[in-house]
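The sequence lines fix the lettering, A, B, ..., with proteins before strands; numbering per chain opens at 1.
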Amino acid sequence: MDPFRTLRGFRDILSPETDILSYIENTAKEIFKLYAYNEIRIPSVEMTELFVKSTGDTTDIVEKEMYSFNDAGKRNISLRPEGTPGVARAFVQHKLNLSGKNSKFFYIGNMFRAERPQAGRFREFEHIGIEYLGNPSASADAETIILLMALLKKTGVKDYFAEINSLGCGDCREKYKKELLEYLKNNASRLCEWCQNRIEKNPLRALDCKIDGSKLSIEAPKLKLCEDCSLHFEKVKELLKIAEIDFKINKSLVRGLDYYTRTVFEVKSSALGSQNAIAAGGRYDKLIKSMGGQDTPAVGWALGADRLAMLIKDNISLKSNAPDIFVICADKSSFTESFKILNNLRNNGISADFSNFELSLRSQMRSADKSGATIALIMGEEELKNSSCSIKFLKHAEDDKGKQEQIPLNELLEKTKNILNTENRIND
RNA sequence: GUGGUUGUAGCUCAAAGGUGGAGCGUCCGUCUGUGGCACGGAAGGUUGCGGGUUCGAGUCCCGUCAGCCACCCCA
């Protein structure tokens, strides 16, 4: 292994990808504010047990994708593969249900899963997620989904669709699991070895079995929601329609995590490869209690920021970090003054850049052009003599392109601010 | 984790076992104080890494690492 390369599945993210990710994060934060969600920052590392007991010990994430290791104190710890267990843990640990504040959280953070990398799948990736704790009503389910769709719409992404389903509560699900397990045992030969081994622990996952799962899911007994769950699901659908959210019902949508109850949903894109999920989530009414907290219903989702970035990178134009002014030194006698001007501009809130004052004027002008700056500011012997500087409008200046004038140094700040305001107005 | 495929300059790619190139980009110059255009020149390579076959390997073989694609799985 070459120590001077990134590990498999890990990557450096450079501009403009970083700009797109920042744009997504900022857009998300605007929406979160509209819906009154507060930020929570949780550790990247937790006890392995946390994920085993929440995400679930039969899930692929926990069984084969976690970065787990022992620390110096012989604790078995893991890099977080998802955010919900950490947020739930924080809620219980700090007794946030007693704080009197609304328990609506958002988080933005990197997650880790040791999967085989491919398009849209990295071993370290960014999740943006929300968790709404303490509200059992269908209105909470609806709000989180509406928020998600509003966020996606605002980012400008195209070609995505939402699917929802209900997995039922503990009661109707347990009943169904027994029925299903009975059926699966009678049809065990149609399952792969892997599924045969796990049907006892989690029969629902067998319906995802690729060998005969799709047929099984048609033929197998169907989940019958109890009356409460059925009403809840109907209400969620009704509220989504009121909010004019487009969605489809997908009866075979089974989220891969153990803690989901009732509503589950997923947003997919037809424009992605086989990693077509942009965001997914659902209700998890039993999780908080299972961690020793009070019985607290909850619902949430997570969005793959990297995947969203892939989708919008081509149809979005971001303001670059091009400087407003590019400072050029025409000869050695003005070196010091040029550097002073550069600092002065920046100290007064005008973005400025330079290349190398010791290079030729031509070379520095070329750099100025490439930088995307609006104005080239030239300092030389002549300007120094007059206590002035020359400013030249480059191609990026909308208006006075190519124009050049000499202005006194003591008017520089005021003048450039006026010019830049005018130029920006034109650009807008 | 399984299968397929690809690794040559910063990028996109040539080189059919016989001296590793081009385009774009970068830098310098033509232009004694002025960018874009044009022209001239320069820099930049352990051909991913390690073995093997051969008189000779970027090219063939084996291994390994990495990228991409699909499976799987997810967000």
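- With a 6.0 Å radius and a threshold of 12 heavy atoms from other residues, nucleotides or ligands, A:Glu381 has its CD atom at or below the threshold.
- With B:G33, B:A66, B:G35 as the choices, the nucleotide that has an atom nearest any side-chain atom of A:Arg366 turns out to be B:G35.
- Under the stacking definition used here (centres under 5.5 Å, planes under 30°), the residue A:Phe125 qualifies as stacked on the base of B:A75.
- When distances run from any side-chain atom of A:Asp369 to the nucleotides B:C71, B:G35, B:G33, the shortest one goes to B:G35.
- Residue A:Arg11 places no side-chain atom within donor-acceptor reach of the base of B:G67, judged by atom type and a 3.5 Å distance cut-off alone.
- Along RNA chain B, the nucleotide nearest A:Ala119 and the nucleotide nearest A:Ala305 are compared for position; the residue whose nucleotide lies closer to the 5' end is A:Ala119.
- Counting only Watson-Crick and G-U wobble pairs whose two key distances fall under 3.5 Å, RNA chain B forms stems of three or more stacked pairs at B:1-7 with B:65-71, B:10-13 with B:21-24, B:26-30 with B:38-42, B:48-52 with B:60-64.
- Not a single donor-acceptor pair, N or O on each side, falls under 3.5 Å between the base of B:U34 and the side chain of A:Gln364.
- With both ends at atom P, the span from B:C11 to B:G25 equals 15 Å, rounded to whole Å.
- Take the nearest nucleotide of RNA chain B for A:Glu126 and for A:Ser274: the residue whose nucleotide is more 5' is A:Ser274.
- For the side chain to side chain donor-acceptor pair (under 3.5 Å) test with A:Tyr37, the passing option among A:Lys104, A:Glu131, A:Glu143 is A:Glu143; the others fail.
- Nucleotides B:A14 and B:U6, compared at atom P, are 12 Å apart to the nearest Å.
- A:Arg121 contributes a side-chain N or O that forms a donor-acceptor pair with the base of B:C73 under 3.5 Å.
- Checked against B:C73, B:G1, B:U34, the side chain of A:Ile378 finds its nearest nucleotide in B:U34.
- Heavy-atom contacts from other residues, nucleotides or ligands closer than 6.0 Å to NZ of A:Lys53 number 12 or fewer.
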Using nucleotides 40-49 of chain B, report all nitrogen or oxygen pairs with the protein that are shorter than 3.5 Å.
none

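- In summary, A:Arg346 and A:Asp324 do not engage in a salt bridge, as defined by a charged side-chain N under 4.0 Å from a carboxylate O.
- Residue A:Gln118 places its side chain closer to B:A70 than to any other of B:A70, B:G33, B:G36.
- Applying a 4.0 Å cut-off to non-hydrogen atoms, the residues of residues 275-286 of chain A that approach RNA chain B are A:Gln275, A:Asn276, A:Ala277, A:Ile278, A:Ala279, A:Ala280, listed by residue number.
- For A:Gln404 against B:G35, a side-chain-to-base donor-acceptor contact under 3.5 Å is absent.
- As rounded to the nearest Å, B:C69 and B:A16 have P atoms that lie 30 Å from one another.
- The same atom, C1', is picked in B:A9 and in B:G21; the two are 10 Å apart, to the nearest Å.
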